[in-house]
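Notes follow once the structure below has been shown.
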Amino acid sequence: MKDSVCQVEFHVPLQDGYFRIGLKTGWEGFVPGQFGMLEVPRQDGVLLRRPFSFARQLGATTEILYKVVGRGTAALSSVSMGQSLRLLGPLGHGFKMKEGEGDCVGVAGGYGIAPFLEQAIQLAKKGQKLILFYGARTKKDLLYIQELNDLKVKLYLTTEDGSEGEKGRVTEALAKVYKHSAPKVIWSCGPVGLLHAVQKWALPRDVSCELSVEETMGCGTGVCLGCVVKDTEGRYRRACIEGPVFPGERLEF
Amino acid sequence: MTVDLSVQLGNLRLKNPMIAASGTFGYGEELSDYFPVEKLGAVSTKGLSLKPRDGNPMPRIIETPSGMINAIGLQNVGIEAFIREKLPFLEKRGVVVIANIFGNTLDEYVEIARMLNATSVQAVELNISCPNVKAGGMEFGNDPKMAAKVTEAVRAAFDRHLMVKLSPNVTSIVEIAKGVEGAGADSLSMINTITAMVINTKTRRPMIANRVGGLSGPAIRPIAVRMVAQTFPQVKIPIVGIGGIVNANDALEFFIAGAAAVQVGTATFMAPDACSRILDDLEAYLGEQGISSVRELVGTLVP
């Protein structure tokens with residue numbers, strides 16, 4: 001990982017307060033699930049960088065998906081193409097590939113979709129397929145659908161209000177599809193309730209699962225101790241350097 | 001021109017006045033990928049207790065306007081693991097180590113200090129001002145007599161430099177400073193964080209699990225500068241200025257107010273190489289201004 005000044009190559013508003021921003025990192029790539037600490041303009045009393053999961057690598061440019069939810073992301077949304085921002089990354093541990101036969105399953109909630117775009121790209125390069133259960137509040141919160149379809153991802157969509165896909169929770173769709181069989185691995189990224197539900201489904205079935213946690217972060221380097229999660233031994237683990245992807249059996253919700 | 005950055009804090013000589021503040025620099029190793037940590041005047045470690053501590057539940061941090069509140073609760077590996085597993089890295093790199101220590105009781109402070117006395121650490125920074133733990137901490141820092149008592153006890157147990165970190169959450173920081181000086185402290189570091197709270201108006205709950213936490217960052221800098229300026233004429237021992245320094249100009253304010261050295265904390269969260277960059281900028285500024293030593297600036301506030 002390193003801290004570098006990156007030029008904004010593109011910054012595209014999507015529906016409903018979501019944005020895609022491309023930063024010229026010059027990286028060859030990253031492991032899906034890894035993230036970066038992005039400087040945002042220091043307006044309105046903003047002080048700290050913001051953690052963002054990377055969505056995909058396009059040549060020398062790394063794409064981040066975000067939604068305006070507070071002061072930091074509001075400040076970020078005002079950034080123009082050609083401006084430069086400091087980016088620290090790629091940070092943390094991403095999703096691990098798993099050898100052997102069986103389905104590779106992703107379970108995404110909301111903007112937890114980000115790492116699955118790159119995951120789908122990397123799997124496609126290996127001739128493998130991603131089966132993705134993707135849940136959001138409404139149709140407007142479903143992102144990258146075109147890109148995922150282009151990558152031939154098998155998509156199961158759910159929304160809480162039924163405006164797209166099945167009405168209900170994404171883990172209900174997972175349980176329905178895998179009623180009589182089990183995938184070889186589940187990768188999940190989204191709110192804590194979703195991760196907990198995935199863990200509760202996977203562990204009793206002996207399905208290997210990896211969970212990417214979303215925590216408030218101060219520094220991204222392991223020194224502020226502000227992003228900890230509890231493991232099964234009752235110890236606090238730093239999401240930024242020990243995660244953000246943890247083996248499902250190690251987390252205590 | 002060449003600038004002499006070295007400073008003398010009583011019996012502790014530092015090659016420059018830049019100290020990484022406790023709780024923002026881990027045990028030194030975490031940030032060594034970003035710049036050579038031995039470049040700094042010194043590193044103050046994460047607060048060390050007698051036994052390892054898990055710290056507080058989440059959420060532990062929240063950003064506030066130009067600042068942040070933290071309530072980590074002194075999560076640390078404990079003094080034994082520090083000496084065994086963390087100190088060798090700092091020794092090997094030739095870092096001047098300031099061990100920040102914290103006790104629940106007077107005896108615990110003394111025990112930790114005694115253990116450190118048998119190591120190579122050049123200094124102890126007494127944390128009598130942590131707002132985020134229930135016992136000890138601020139209890140010692142709030143009362144001039146208690147502050148003096150713990151300073152005196154640790155003084156007897158540790159032979160080398162003894163720095164005492166003062167709490168701003170007091171009626172008169174000058175009284176505490178004088179009490180600590182009288183009890184044998186070699187220097188004062190000030191200020192620790194300011195007790196603070198943020199409320200979620202929808203849930204009507206505090207945004208930090210510990211309810212309150214310590215405010216740091218540029219938001220507290222004017223308060224810290226005022227406290228240093230107020231304390232400087234009242235004590236003879238050197239002061240290490242802390243509070244929201246994010247650039248060289250901020251550091252200069254503290255020197256002029258009376259600080260002989262500075263600690264940089266929250267800025268390290270904003271950029272892992274902040275201490276290094278601020279030090280470079282400070283050196284460049286002094287050179288441009290024809291100031292041959294940072295010592296020339298200390299306490300030059302116009303009356």
Side-chain angles (χ1 to χ4, degrees), chain A residues 1-5 36-51 69-75 85-92 192 213-231 233-243 251-253, chain B residues 20-35 43 45-47 52-77 132 207-209 213 215-219 244 246 265-274 276-277:
Chain A
M1 86 305 262
K2 61 177 184 173
D3 189 21
S4 41
V5 178
M37 295 296 289
L38 180 64
E39 177 188 33
V40 299
R42 300 238 324 258
Q43 64 190 49
D44 196 19
V46 169
L47 184 79
L48 302 168
R49 298 191 194 194
R50 298 296 191 265
V69 291
R71 283 186 303 173
T73 41
L85 299 171
R86 292 197 79 92
L87 176 67
L88 179 61
L91 299 170
V192 74
V213 300
E214 185 190 23
E215 287 295 342
T216 310
M217 281 186 190
C219 67
T221 55
V223 293
C224 83
L225 306 178
C227 67
V228 296
V229 290
K230 209 163 223 178
D231 72 10
E233 288 159 21
R235 306 304 297 269
Y236 286 118
R237 302 285 168 199
R238 290 165 292 183
C240 65
I241 58 173
E242 295 170 79
L251 289 184
E252 180 79 47
F253 290 105
Chain B
S22 176
T24 64
F25 213 78
Y27 305 102
E29 200 166 352
E30 290 88 337
L31 297 176
S32 61
D33 288 339
Y34 298 99
F35 72 94
V43 168
T45 67
K46 175 72 191 163
R53 288 177 61 104
D54 289 334
N56 290 331
M58 289 285 282
R60 292 176 165 187
I61 59 171
I62 177 104
E63 189 184 78
T64 60
S66 298
M68 62 177 282
I69 297 176
N70 87 81
I72 307 303
L74 288 166
Q75 178 178 342
N76 80 98
V77 296
N132 298 328
M207 302 273 274
I208 294 265
L215 182 65
S216 68
V246 299
T266 304
T268 297
F269 299 159
M270 299 158 67
D273 63 347
S276 168
R277 191 176 35 77

For this session: May I have all residue pairs that pass salt bridge (Lys or Arg N to Asp or Glu O under 4.0 Å) and include part of residues 213-223 of chain A, sequence neighbours excluded?
Result: none

For this session: Give, as side chain, backbone, both or neither, the part of B:A219 having an atom under 4.5 angstrom from any heavy atom of chain A.
Result: neither

Seminar exercise, completed: Correct closest heavy-atom pair for A:D3 and B:P272 would be OD2-CD, 3.9 Å

Problem set entry | Spacing of A:T216 atom OG1 and B:I62 atom CD1 [to the nearest 0.5 Å] | 7.0 Å

Exercise. Checking A:R50 against chain B: side chain, backbone, both or neither under 4.5 Å from a heavy atom?
Worked result: side chain

Exercise. Contact part of A:M217 toward chain B, heavy-atom cut-off under 4.5 Å: side chain, backbone, both or neither?
Worked result: backbone

Seminar exercise, completed: From the list B:G67, B:G55, B:P59, the residue making the most non-hydrogen contacts under 4.5 Å with chain A is B:G67

For this session: Examine whether an atom of A:L225 lies under 4.5 Å from a heavy atom of chain B, and if so say whether it belongs to the side chain, the backbone or both; otherwise answer neither.
Result: both

Seminar exercise, completed: Bottom line for B:D33: the part with an atom under 4.5 Å from chain A's heavy atoms is side chain

Exercise. Considering all heavy atoms of both residues, which atom of B:M58 and which atom of A:V228 are nearest to each other, and what is their separation?
Worked result: CG-O, 3.2 Å

Exercise. Among B:G265, B:P218, B:P57, B:G217, who wins on heavy-atom pairs under 4.5 Å with chain A?
Worked result: B:P57

For this session: Go through the atoms of B:F25 and report whether side chain, backbone, both or neither lie under 4.5 Å from a heavy atom of chain A.
Result: backbone

For this session: Indicate the atoms forming the closest heavy-atom contact of A:R235 with B:D54, along with that distance.
Result: NE-OD1, 3.2 Å

For this session: Kindly confirm or rule out a cation-pi arrangement of A:R49 over B:F269, judged by NZ or CZ under 6.0 Å from the six-membered ring centre and within 45° of its axis?
Result: no

Seminar exercise, completed: Nearest heavy-atom contact between A:V223 and B:G26 is CG1-N, 3.5 Å

For this session: Tell me, out of B:E63, B:R60, B:M270, who's got the most heavy-atom pairs with chain A below 4.5 Å.
Result: B:E63

Exercise. Quick one: side-chain hydrogen bond (donor to acceptor under 3.5 Å, both in side chains) partners of A:R42, sequence neighbours excluded?
Worked result: none

Problem set entry | Spacing of B:S216 atom OG and A:L47 atom CG [to the nearest 0.5 Å] | 7.5 Å

For this session: Calculate, to the nearest 0.5 Å, the distance between atoms SG and CG belonging to A:C224 and B:N70 respectively.
Result: 8.5 Å

For this session: May I ask you to name which of A:C227, A:C219, A:G234 has the most heavy-atom pairs under 4.5 Å with chain B?
Result: A:C219

Seminar exercise, completed: The reported gap from CD1 in B:I72 to OH in A:Y236 (rounded to nearest 0.5 angstrom) is 10.5 Å

